[in-house]
Trainee: 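The structure is given below, and queries will be raised subsequently.
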Amino acid sequence: MENQMPREEGFDHSFGLLKEGYNFIKNRSENLNSNVFETRILGKKAICMTGEEAAALFYDATKFQRADAAPNRIVQSLFGKDSVQTLDGEEHKNRKALLMSVMHQESITNLLEITSNQWEQSIDKWTKMEQIELYEEVKELLCKVAFKWIGAPLHENEVKTMTKELAAMFESPAAIGPAHWMGRTLRNVIEKTVQQMIQDTRDKKVQYPKDSVLHKFAFHKDVDGQLLDAETATVEVINMLRPIVAIAIYINFTVLALLQFPEQKEKLKNYPDYAKMFVQEVRRYYPFFPFVAAKVKSDFTWNGYDFKEGTLTLLDLYGTNHDPQIWDSPDEFQPERFANWEGTPFSFIPQGGGDYYLGHRCAGEGITIDVMKVSLDYLVNKIEFNMPEQNLDFKMDDIPSIPKSKIVLSNVKRINTQ
């Protein structure tokens with residue numbers, strides 16, 4: 001039997017989305033007492049969903065498609081044209097296989113060794129500085145990591161420029177006006193740089209290692225057995241680089257968690273297995289990406305509600321990670337909840353839900369966790385620092401949200417373990 005889907009009254013709620021950010025869907029779901037409701041965004045009907053059951057539906061490829069779903073401003077600044085995030089069916093399967101092909105253990109071990117080396121080099125620099133803005137410093141650290149991992153290490157004079165260009169992609173999609181247009185402009189700049197790398201390796205002007213990310217992506221073939229065009233290969237290389245730099249957001253929240261919940265530090269020092277639980281709770285508790293978009297593939301009915309072909313549908317990531325039907329005391333920071341966690345691919349979705357290999361869950365989620373663990377070890381066990389007075393507030397209507405001060409650390413020193 002078909003029911004009337006709960007609906008938010010009013011002609012358009014785009015301003016509300018910008019004003020409420022991460023809480024937009026969560027607030028309305030609570031007010032309407034429903035995990036699915038209808039609203040209007042940019043003058044068009046949209047469906048918003050939250051919770052584990054809704055996530056399982058959203059990642060059903062027979063019900064939803066990604067093609068033409070994400071707003072153009074997101075595609076142009078964050079994902080890139082014809083990226084894996086915008087594909088469906090065999091094309092998506094082929095492209096996702098490319099991304100996952102570099103997520104094997106040897107490659108990940110190499111990435112983590114590079115990460116550790118860059119932490120060591122950064123600490124050498126920080127100990128000579130009166131204070132640092134951790135967010136800005138870690139973005140540069142991770143930019144060096146990302147380029148070295150793909151097989152194209154940066155010269156020191158390139159680091160700030162490349163960091164700015166990559167960070168603009170995830171810092172600008174929700175911005176309005178000049179900040180957003182600057183993000184799109186900077187994306188165009190770095191695309192030209194990476195595309196030249198792709199072309200150079202195809203033309204054998206530069207010999208990147210055959211097992212490197214850059215070489216594999218340059219010579220990947222599509223479903224028709226043809227080399228990806230250089231523009232598309234470039235977009236996917238950037239889809240390796242950008243998310244690594246974006247881990248800086250989580251690392252900032254990691255330090256904030258250590259400050260807000262000081263009892264956690266002793267647990268991290270005394271229990272080796274506690275680090276992963278802590279990292280997972282940082283990813284659950286703090287905001288990262290608010291929601292993801294798809295379109296209804298063809299008409300269907302779910303739980304009595306009618307979904308019409310072509311309707312934009314948003315899945316609430318942040319709200320699902322704070323859903324009281326999934327999590328006990330969801331607004332409390334409790335890493336122990338992950339000690340014997342038996343959730344599903346649809347209940348914990350900070351970087352999307354579903355299957356890594358076949359679905360639209362973030363290909364780099366595993367390396368996000370591992371890089372965060374390496375970074376946490378340095379922050380807890382290998383350096384000490386002071387926290388000068390600063391504004392550590394973060395806003396839920398800023399996307400991405402980071403503490404206002406970007407976490408200022410002073411008097412950074414190595415911990416003497418001898």
Trainee: Salt bridge (charged side-chain N to carboxylate O under 4.0 Å, His left out) with Glu38: which of Lys44, Arg7, Arg28?
Mentor: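 Testing each of Lys44, Arg7, Arg28 against Glu38, the sole residue satisfying salt bridge (charged side-chain N to carboxylate O under 4.0 Å, His left out) is Arg7.
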Trainee: Assess Arg66 against Phe58: is NZ or CZ under 6.0 Å from the centre of the six-membered ring, and within 45 degrees of the ring's axis?
Mentor: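 Satisfied, under 6.0 Å and within 45°.
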Trainee: Under 3.5 Å, side chain of Asn94 to main-chain N/O of Glu90, donor-acceptor pair present?
Mentor: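 No: the side chain of Asn94 does not pair with the backbone of Glu90.
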Trainee: Side chains of Ser298 and Phe307: does their closest heavy-atom pair fall under 4.5 Å?
Mentor: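 Result no, sub-4.5 Å side-chain heavy-atom pair not found.
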Trainee: Measure the CE-CG distance between Met372 and Asp377 for me, rounded to the nearest 0.5 Å.
Mentor: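 That separation rounds to 13.5 Å.
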Trainee: If you draw the axis of the six-membered ring of Phe64, does the NZ or CZ of Lys297 fall within 45° of it and under 6.0 Å from the ring centre?
Mentor: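 Geometry flag: not set, cation outside 6.0 Å or 45°.
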Trainee: Does Asp68 CG have over 12 foreign heavy atoms under 6.0 Å away?
Mentor: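 Counting other residues, nucleotides and ligands, CG of Asp68 stays at 12 neighbours or fewer.
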Trainee: Does the side chain of Thr161 come under 3.5 Å of the side chain of Glu165 through a donor N or O and an acceptor N or O?
Mentor: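 Checked: Thr161/Glu165 side chains show no N/O donor-acceptor pair below 3.5 Å.
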Trainee: Establish, from distance only, whether the side-chain atoms of Arg283 and Gln351 form a donor-acceptor pair under 3.5 Å.
Mentor: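 The answer is yes; a qualifying pair exists.
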Trainee: Determine whether the aromatic ring centres of Phe217 and Tyr208 lie less than 6.0 Å apart.
Mentor: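 Centroid distance Phe217-Tyr208: not below 6.0 Å, so no.
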Trainee: Side-chain donor-acceptor pair under 3.5 Å between Ser410 and Gln131, yes or no?
Mentor: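 Per modelled atom types, Ser410 and Gln131 side chains form no pair under 3.5 Å.
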Trainee: Any donor and acceptor pair, going by atom type alone, linking the side chain of Thr313 with main-chain N or O of Thr311 inside 3.5 Å?
Mentor: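 Answer holds: yes.
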Trainee: When you measure from the side chain of Asp323 to the backbone of Gly319, do you find a donor-acceptor pair of N or O atoms at a distance under 3.5 Å?
Mentor: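 Judged by distance alone, no pair lies under 3.5 Å.
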Trainee: Go through it in stages, so that I can follow the logic: the residues are Glu263 and Lys267, the test is salt bridge (charged side-chain N to carboxylate O under 4.0 Å, His left out), and I'd like the CA-CA distance, side-chain angles, deciding distance and then a yes or no.
Mentor: CA-CA 7 Å; Glu263 73 282 356; Lys267 296 178 184 178; 5.6 Å; no
Trainee: Could you verify whether a donor N or O on one side chain and an acceptor N or O on the other, from Gln199 and Arg202, lie under 3.5 Å apart?
Mentor: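 There is no such pair between these side chains.
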Trainee: With side chain to side chain contact (heavy atoms under 4.5 Å, CB included) as the test, would you mind laying out the steps for Phe170 and Val245 before giving the verdict?
Mentor: CA-CA 9 Å; Phe170 57 81; Val245 178; 4.0 Å; yes
Trainee: Less than 6.0 angstrom separating the ring centers of Phe385 and Trp126, yes or no?
Mentor: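 Centroid separation for Phe385 and Trp126: 6.0 Å or greater.
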Trainee: Take Arg187 and Ile238 through the side chain to side chain contact (heavy atoms under 4.5 Å, CB included) test and state the conclusion after the steps.
Mentor: CA-CA 9 Å; Arg187 182 184 182 97; Ile238 291 174; 4.2 Å; yes
Trainee: Any sub-3.5 Å donor-acceptor pair from Ser401's side-chain atoms to Lys395's backbone N or O?
Mentor: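 A pair under 3.5 Å: yes.
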Trainee: Cation-pi check, Arg40 to Phe11: give yes when NZ or CZ is under 6.0 Å from the six-membered ring centre and within 45° of the ring axis, no otherwise.
Mentor: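 That pair qualifies as a cation-pi contact.
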Trainee: For Gln264 and Tyr274, test the side chains for any donor-to-acceptor distance below 3.5 angstrom and give the result as yes or no.
Mentor: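 There is such a pair between these side chains.
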Trainee: Mind checking the CD-CG spacing from Glu137 to Leu142? Nearest 0.5 Å is all I need.
Mentor: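 Glu137 CD to Leu142 CG: 11.5 Å, rounded to 0.5 Å.
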Trainee: Would you check if there is a donor-acceptor pair between the side chains of Asp200 and Gln196 at a distance under 3.5 Å?
Mentor: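 The answer is yes; a qualifying pair exists.
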Trainee: Under 6.0 Å from the OH atom of Tyr271, do we count more than 12 heavy atoms belonging to anything else shown?
Mentor: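 Not buried by this count: 12 neighbours or fewer within 6.0 Å.
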Trainee: Go through Glu120 and Ser116 one step at a time and tell me if the side chain to side chain donor-acceptor pair (under 3.5 Å) criterion holds.
Mentor: CA-CA 6 Å; Glu120 292 288 343; Ser116 183; 5.0 Å; no
Trainee: I'd like to know whether the aromatic ring centres of Phe289 and Tyr22 sit less than 6.0 Å apart in this structure.
Mentor: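 Here the rings of Tyr22 and Phe289 have centres that are no less than 6.0 Å from each other.
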Trainee: Which value, rounded to the nearest 0.5 Å, describes the distance between Ser212 atom OG and Lys148 atom NZ?
Mentor: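 Going from the OG atom of Ser212 to the NZ atom of Lys148 covers 14.0 Å.
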Trainee: Applying salt bridge (charged side-chain N to carboxylate O under 4.0 Å, His left out), run through Glu309 and Lys295 and close with a yes or a no.
Mentor: CA-CA 7 Å; Glu309 180 179 346; Lys295 279 189 176 181; over 6 Å; no
Trainee: Passes salt bridge (charged side-chain N to carboxylate O under 4.0 Å, His left out), Glu140 versus Lys160? Steps please.
Mentor: CA-CA 7 Å; Glu140 290 187 13; Lys160 287 190 179 298; 2.7 Å; yes
Trainee: Any donor and acceptor pair, going by atom type alone, linking the side chain of Asp299 with main-chain N or O of Lys308 inside 3.5 Å?
Mentor: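 The answer is no, because no donor-acceptor pair under 3.5 Å joins these two groups.
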Trainee: With side chains defined as the heavy atoms from C-beta onward, is the minimum distance between Phe219 and His215 less than 4.5 Å?
Mentor: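 Yes, at least one pair of side-chain atoms sits under 4.5 Å.
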Trainee: Output, in order, the C-alpha distance, side-chain angles, deciding distance and verdict of side chain to side chain contact (heavy atoms under 4.5 Å, CB included) for Thr86 and His92.
Mentor: CA-CA 8 Å; Thr86 67; His92 175 262; over 6 Å; no
Trainee: Rounded to the nearest 0.5 Å, what's the gap from NE2 on His220 to CG on Leu99? Could you check?
Mentor: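 If we round to the nearest 0.5 Å, His220:NE2 and Leu99:CG are 9.0 Å apart.
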Trainee: Any Lys/Arg nitrogen of Lys406 or Glu136 sitting under 4.0 Å from an Asp/Glu carboxylate oxygen of the other?
Mentor: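 Salt bridge between Lys406 and Glu136, a charged N being under 4.0 Å from a carboxylate O: yes.
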Trainee: Give a yes or no answer on whether the side chain of Ser29 reaches the backbone of Ser34 with a donor-acceptor pair at less than 3.5 Å.
Mentor: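 Yes, the answer is positive, given that a donor and an acceptor are paired below the 3.5 Å cut-off.
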Trainee: Between Asn239 and Glu236, do the side chains contain an N or O donor and an N or O acceptor separated by less than 3.5 Å?
Mentor: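 Glu236 and Asn239 do have a side-chain donor-acceptor pair below 3.5 Å.
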Trainee: For residues Trp149 and Ser107, is any side-chain donor paired with an opposing acceptor at under 3.5 Å?
Mentor: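 Note: Trp149 and Ser107 side chains meet the donor-acceptor criterion.
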Trainee: Any side-chain to backbone donor/acceptor pair from Asn391 onto Asp393? Under 3.5 Å, distance only.
Mentor: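 Here the side-chain-to-backbone pair exists.
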Trainee: Should the ring pair Phe253 and Tyr286 be called parallel, tilted or perpendicular, given that the plane angle runs from 0 to 90° and is split at 30 and 60?
Mentor: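 Ring orientation of Phe253 relative to Tyr286: parallel.
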Trainee: Taking the six-membered ring of Tyr378, is NZ or CZ of Lys382 closer than 6.0 Å to its centre and within 45° of its axis?
Mentor: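 That pair qualifies as a cation-pi contact.
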Trainee: Working to the nearest 0.5 angstrom, can you tell me the gap between Leu268 CG and Asp273 CG?
Mentor: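 One finds 11.5 Å between CG of Leu268 and CG of Asp273.
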Trainee: Among Val374, Val213, Asp370, Ile367, find the residue that satisfies the side-chain contact (heavy atoms from CB on, under 4.5 Å) test when tested with Leu111.
Mentor: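 That would be Ile367; it is the only one of Val374, Val213, Asp370, Ile367 passing the side-chain contact (heavy atoms from CB on, under 4.5 Å) with Leu111.
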Trainee: State, yes or no, whether a side-chain contact exists between Leu259 and Ile407 at a heavy-atom distance under 4.5 Å.
Mentor: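 Not touching, per the 4.5 Å side-chain cut-off.
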Trainee: Judged by atom type as modelled, is there a donor-acceptor pair below 3.5 Å linking the side chain of Arg242 to the main-chain atoms of Ala168?
Mentor: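 Pair absent, no side-chain N/O of Arg242 close to backbone of Ala168.
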Trainee: Would you confirm whether Lys139, through its side chain, and Ala246, through its main-chain N or O, come within 3.5 Å as a donor-acceptor pair?
Mentor: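 Pair absent, no side-chain N/O of Lys139 close to backbone of Ala246.
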Trainee: Distance from Asp82 atom CG to Asp222 atom CG, nearest 0.5 Å?
Mentor: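 Going from CG on Asp82 over to CG on Asp222, the span is 11.5 Å.
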Trainee: Distance-only, no hydrogens or angles: does the Thr163 side chain make a donor-acceptor pair with backbone N or O of Val159 under 3.5 Å?
Mentor: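 Yes; judged by distance alone, with no hydrogens or angles, the pair exists.
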Trainee: Quick one: are Thr62 and Phe300 in side-chain contact, heavy atoms under 4.5 Å?
Mentor: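 They are not in side-chain contact.
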Trainee: Knowing that exactly one of Asp316, Asn35, Leu57, Leu314 qualifies, which makes a side-chain contact (heavy atoms from CB on, under 4.5 Å) with Met49?
Mentor: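 When Asp316, Asn35, Leu57, Leu314 are each tested with Met49, the side-chain contact (heavy atoms from CB on, under 4.5 Å) holds only for Leu57.
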Trainee: Measuring centre to centre across the rings, with the benzene-like ring taken for any Trp, is Phe338 within less than 6.0 Å of Phe348?
Mentor: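 Close enough - the centres of the two rings lie under 6.0 Å apart.
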Trainee: Does one side chain, of Gln334 or Glu336, offer a donor that lies under 3.5 Å from an acceptor on the other?
Mentor: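 Distance-only check fails for Gln334 and Glu336.
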Trainee: Quick one: do the Thr344 and Glu52 side chains pair a donor with an acceptor below 3.5 Å?
Mentor: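 Checked: Thr344/Glu52 side chains pair up, N/O donor to acceptor below 3.5 Å.
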Trainee: Does NZ belonging to Lys19 count more than 12 external heavy atoms closer than 6.0 Å?
Mentor: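 No, because the 6.0 Å sphere around NZ of Lys19 holds 12 heavy atoms or fewer from other groups.
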Trainee: Does CD belonging to Glu384 count more than 12 external heavy atoms closer than 6.0 Å?
Mentor: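 Result for CD/Glu384: enclosed.
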